[in-house]
2 protein chains.
Amino acid sequence: MAATLKDIARQVGVSVTTVSRALAGYDDVAEGTKERIKAVASELGYSPNIVAQRLQKQRTDTLGFIMPTFGPRFSDPFFSEFIAGVGNEAASHEYDLLVSAHAPNSAGELKAYERAVRRGWVDGLIVVRTREDDTRIQLLCAHNFPFVAFGRTSDDLEFPYVDEDSETGMRLLVQHLIDLGHKRIGLIAAPSGLMFGRYRLQGYYDTMRDNNLPVQPEWVVEGDMTQRGGAEAVTPLLGINPRLTAIIGGNDLMAIGAINRIQQQGLQVGRDVAVGGFDDIPLAAYTSPPLTTIHQPIYEIGQRTCAMLIDVINGRAPTTPHSLLTPTLIIRESSGNPI
Amino acid sequence: MAATLKDIARQVGVSVTTVSRALAGYDDVAEGTKERIKAVASELGYSPNIVAQRLQKQRTDTLGFIMPTFGPRFSDPFFSEFIAGVGNEAASHEYDLLVSAHAPNSAGELKAYERAVRRGWVDGLIVVRTREDDTRIQLLCAHNFPFVAFGRTSDDLEFPYVDEDSETGMRLLVQHLIDLGHKRIGLIAAPSGLMFGRYRLQGYYDTMRDNNLPVQPEWVVEGDMTQRGGAEAVTPLLGINPRLTAIIGGNDLMAIGAINRIQQQGLQVGRDVAVGGFDDIPLAAYTSPPLTTIHQPIYEIGQRTCAMLIDVINGRAPTTPHSLLTPTLIIRESSGNPI
DNA sequence: AGTATAATCCGAAACGTTTTGGGTGTCAAC
DNA sequence: GTTGACACCCAAAACGTTTCGGATTATACT
């Protein structure tokens, strides 16, 4: 059924070599022959066998992306938007994108990375949500495998990455709340071990300290990055006496969960308790009240990460192996008026 | 750098054939030889070249998924959850998942499908958000290419699919609102051409008719499936006089956008206007007020679709080539109390 | 007539694997 | 001492493509 070069060669009466070269557009094939070959090729509905090409070219033109998802079910808009960015950029360079999902630090995840490092699976990998002491990155560096990360690590490994300056972002948000008159600000932090959570935490502590505002240990609780996690984490925060006047979600999803729980307790967000988020997912503008948050251009980050990876794969040293994006504060209603 | 069978063969002093068979566990290799081969293999860090295996086996063990996204930027939780379902199921059968994104009915989308139909790219495809007169499915059927769809079509083409009974789902929701005392119910419909939108619309009209409730044409407006679209579509709906007492979003994202806009107009959702959604995305439980909606088990649907596709690829006729899931109504607060 | 030049074409190897269809040698049974 | 069975091993082909290094022929120039 599927036509091969050999089929065309037989029918036209030339060698496989000539067919290959004619189709590839070399100029050492006579015009007439080229015509005939092309005619037969399209008549037979020929299209090259991609696997054979890959074997011969010794490259797969495929990028890999292993999503670090907590639990099999998840629904983090971060991933769909990031995939869109990476995928479209990849497509525009004629690369395919292979995706899979594994829980962070799980055995499955490690196996997936080991598989990826094998030759012939993908040409390069994209790593997101970097961790302190990140085994994925250690493995990749050790094997000298091409990859680009979204996020930095605490190791002093040298590798190309894109990252947002989360610390500055958090400073912006905390300062905004302080400027509004808040002094008792709680934080629902990302799970420990995640680098971006660490930077955000740092930004929080530093800004409080710079404003001479003490922080009680119980003002910071961990959440699992989901709405449910945000809702659950906010409960102890609301029990603190005297009450916190503002609560920050380590990401928008947790902030949304927090808003929900705060309202269930009969408090009004933006008046009784100010709430801030982080990420500016599309939904953030549509919560009630709309969420004050820090904007991250996830789609563009995906594009940029992908473009860098393609550079790395092709041996072009990226002009800027480390790019740090500047975040912006989006003020909406959840942070309320000055008190 | 990368070790091949030939390298191992040379070092051990046997033929490539023997190495291959030893590693594959055939029993026509002496125990001792097998041991030595395995030792050398692991010493050299050998792992088979996947592309070569694929060329020889004439199958890629890869599934394709082309997301029909409106605009390059999107953030529909449907896709991340669906990918997770498909991806995990695929992984458990040792299949890879190749994804890309294209706008529905675009030239890029068509090209992507044509590329997919070529041999050696993927073994099968997953199609979602089926459309009336769906060119993708027509192409796939014409080429006899293995695929499974999430959704039906209006053609009388025969192909395996999984679908939710959207019509019944919508009936459940509309009846719920009617039982609450609503008579003037608006609908933000999915863009025309989408099959699931058509079924939902049908369920809406039928239920209204069965309850002897007239429907004015201006009660139904189209939205683009995003929050923004939902917000924009709700504006004309709110201008209708006398006011509609309930509004249904064709999906949860649009319902959330609608809630936002309704509240901006100073109306209270659940008291002044009841709102219903469709999909039960994780966020639906965390809006304020929480959203009454129809539950779709997207993750499981992804799994099921993927499992069917793998059956099709391997020539196992699926036991049930057409499976229709029964939706359930999730009553939360956005639909309010009886009036 | 001899030789350089260009225009066409092709055989064979290579990419790394799996599989087919044997081959060789040993040992026991007759 | 032949036969058969068995254990072990391998050469070669195949998957479909690209590319290297010529080979062949015709044309043009001395």
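A, B, ... follow the sequence lines: proteins, then strands. Residue 1 opens every chain.
Checked against C/dT18, C/dT8, D/dT17, the side chain of A/V16 finds its nearest nucleotide in D/dT17. Which of D/dC20, D/dC10, C/dC9 sits closest to the side chain of A/T17 comes down to D/dC20.
Atom CZ of B/R10 is separated from atom C1' of D/dC10 by 17 Å (rounded to the nearest Å). B/L23 places its CG atom 16 Å from the P atom of C/dG16, with the value rounded to the nearest Å. Following rounding to the nearest Å, B/E31 (CD) and D/dA7 (P) show an atom-to-atom distance of 13 Å. Going from atom CZ of B/R21 over to atom P of D/dC10 covers 12 Å, rounded to whole Å. Straight-line distance from the CD1 atom of B/I37 to the P atom of C/dT17: 13 Å, rounded to whole Å. For the pair B/L5 CG and C/dT19 P, the computed distance is 12 Å after rounding to whole Å. Atoms NZ (A/K6) and C1' (C/dG11) sit 14 Å apart, rounded to a whole Å. The distance between atom NZ of B/K34 and atom C1' of D/dA7, rounded to the nearest whole Å, is 12 Å.
Minimum interatomic distance between A/D133 and A/Q138 (heavy atoms only, all atoms of both residues): OD1-NE2, 2.9 Å. Looking at every heavy atom in both residues, B/P297 comes nearest to B/E164 through CD-OE2, 4.2 Å.
An OP1 or OP2 oxygen of C/dC10 is reached within less than 4.0 angstrom by a side-chain nitrogen or oxygen of A/T18. For the pair A/Y26 and D/dT18, the criterion of a side-chain N or O lying under 4.0 Å from OP1 or OP2 is not met.
With hydrogens and angles left out, the side chain of A/D28 and the base of C/dC9 share a donor-acceptor pair within 3.5 Å. The base of C/dT17 lies outside donor-acceptor range of the side chain of B/T4, with no N or O pair under 3.5 Å. No donor-acceptor contact under 3.5 Å links the side chain of A/S15 to the base of C/dG11.
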Walk me through whether A/N88 and A/Y299 qualify under side-chain hydrogen bond (donor to acceptor under 3.5 Å, both in side chains).
CA-CA 10 Å; A/N88 286 327; A/Y299 181 82; 3.1 Å; yes
Given the rule in the salt bridge (Lys or Arg N to Asp or Glu O under 4.0 Å) test, do A/R115 and A/E109 qualify, once you have shown the distances and angles that lead to the verdict?
CA-CA 10 Å; A/R115 173 147 198 256; A/E109 185 186 51; over 6 Å; no
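For DNA chain D, the residues of residues 48-62 of chain A within the heavy-atom distance limit of 4.0 Å (strictly under) are A/P48, A/N49, A/A52, A/Q53, A/Q56, sorted by number.
Sequence order on DNA chain D of the closest nucleotides to B/A30 and A/S47 puts B/A30 first from the 5' end.
Remark: the backbone N or O of A/F78 is paired with a side-chain donor or acceptor of A/D76 at under 3.5 angstrom.
Taking the six-membered ring where the residue is Trp, the centroids of A/F150 and A/Y161 are separated by 6.0 Å or more.
Within 6.0 Å of the CG atom in A/D27, the count of heavy atoms belonging to other residues, nucleotides or ligands does not exceed 12.
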